Amino acid sequence: MSEPATNPAATSFPAPTISLPLGLEVLRTYSGVLVCLEIIFGALVWILVASSNVPVPLLQGWVMFVSVTAFVLSSAYLTLLLTGLADRISTDWNFLDVFYHFMALLFYFAAFVLEAATTAANGGAHIKPLINSTEAVLCITYPRGNIFTVLDDRQYSINVAATIFAFVVTLCYGCSMVMGFKRWRM
């Protein structure tokens with residue numbers, strides 16, 4: 001008695017679908033450059049937020065989580081493309097690219113809004129040193145909202161820079177998502 005014929009679909013996996021070049025050639029594409037910018041500016045966001053001593057941990061904790069997680073995932077994605085391992089993993093990379101960049105765009109937009117809210121909530125509070133004294137006094141004007149923070153000049157400047165870079169990273173993820181969607185649909 002002969003053995004039953006095996007179903008070829010059950011024993012073989014579909015080839016991975018990726019429309020980006022692999023290896024160093026990926027850095028010559030707009031998508032590769034955008035991923036590099038996402039990594040660089042994303043690292044700047046979490047470095048700046050961490051260097052401000054996180055004065056509002058409830059809001060800036062989310063910013064730190066998003067920026068560090070997106071930094072690690074984007075670095076892993078770029079590493080898979082640079083080493084060519086993406087060709088060995090059987091999946092639809094074009095769909096994963098669009099899905100990842102869409103989720104990162106949503107999370108980073110929320111992080112950008114929270115970082116901007118933290119910065120804007122400073123509301124005219126400033127610390128002034130007293131004349132001829134080592135003491136300082138806190139001067140508070142009328143707060144402009146429900147959230148009120150007291151940031152010194154250094155923390156305020158760092159948070160402004162972090163807000164700007166979070167916006168730039170949000171734009172990079174948005175552009176990557178649009179370009180990935182065009183590749184996926186072609």
Side-chain angles (χ1 to χ4, degrees), residues 19-20 26-82 93-127 140-185:
S19 57
L20 283 173
V26 75
L27 298 177
R28 293 185 183 193
T29 64
Y30 289 120
S31 294
V33 170
L34 279 171
V35 171
C36 290
L37 290 176
E38 293 162 6
I39 292 169
I40 292 168
F41 291 139
L44 282 173
V45 169
W46 65 266
I47 289 170
L48 286 169
V49 171
S51 69
S52 73
N53 296 329
V54 191
V56 186
L58 185 62
L59 300 178
Q60 291 182 309
W62 178 254
V63 177
M64 288 292 291
F65 169 74
V66 168
S67 57
V68 171
T69 303
F71 173 80
V72 169
L73 292 176
S74 292
S75 297
Y77 178 64
L78 185 62
T79 301
L80 285 173
L81 293 176
L82 286 174
W93 284 100
N94 293 327
F95 171 75
L96 285 178
D97 182 43
V98 172
F99 181 74
Y100 167 69
H101 283 103
F102 175 72
M103 295 305 291
L105 173 68
L106 287 179
F107 282 99
Y108 240 108
F109 182 74
F112 157 68
V113 168
L114 290 176
E115 184 62 30
T118 301
T119 305
N122 194 29
H126 56 280
I127 299 172
I140 300 176
T141 57
Y142 186 72
R144 295 177 296 192
N146 295 335
I147 302 170
F148 184 71
T149 61
V150 178
L151 306 173
D152 60 14
D153 289 337
R154 178 185 157 279
Q155 287 175 325
Y156 181 75
S157 299
I158 289 172
N159 281 316
V160 167
T163 302
I164 292 169
F165 284 120
F167 179 71
V168 170
V169 174
T170 303
L171 286 178
C172 288
Y173 277 113
C175 291
S176 290
M177 183 195 69
V178 168
M179 290 186 349
F181 186 75
K182 286 180 180 179
R183 277 194 314 272
W184 180 43
R185 285 294 167 202

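Just so you know, residue 1 is the first one in the sequence shown, and it goes up from there. Since this is a predicted model, take the numbers as computed values, not measurements.
Looking at every heavy atom in both residues, A162 comes nearest to L48 through N-CD1, 3.7 Å. Considering all non-hydrogen atoms of both residues, T29 and V26 come closest at OG1-O, 2.7 Å.
S176 and Y100 share no donor-acceptor pair across their side chains, judged by distance under 3.5 Å alone.
Here the CG atom belonging to L27 is positioned 6.0 Å from the CG atom belonging to L78, to the nearest 0.5 angstrom. Within the model, atoms CZ of F165 and CD1 of I40 stand 11.0 Å from one another, a figure rounded to the nearest 0.5 Å. To the nearest 0.5 angstrom, F167 atom CZ is 13.5 Å from Y108 atom OH. Between T118 atom OG1 and L114 atom CG the span is 6.5 Å, to the nearest 0.5 Å. Once rounded to the nearest 0.5 Å, the distance linking OG1 of T170 with CD of E38 reads 10.0 Å. One distance of note links CG of L34 with CD1 of I39; it measures 11.0 Å at 0.5 Å rounding.
Looking at V45 and F41, their side chains never come closer than 4.5 Å, going by heavy atoms from C-beta outward. The side-chain heavy atoms of H101 and V35, taken from C-beta on, include a pair separated by under 4.5 Å. In this structure, L73 and Y77 have side chains that are not in contact, with every pair of non-hydrogen atoms separated by 4.5 Å or more.
The list of side chain to side chain donor-acceptor pair (under 3.5 Å) pairs with a residue in residues 56-70, not counting sequence neighbours, reads Q60-E115, Q60-N159. The list of side chain to side chain donor-acceptor pair (under 3.5 Å) pairs with a residue in residues 41-50, not counting sequence neighbours, is empty.
Ring geometry for F99 against F95 counts as parallel: the plane angle stays under 30°, on a 0 to 90° scale with 60° as the upper cut.
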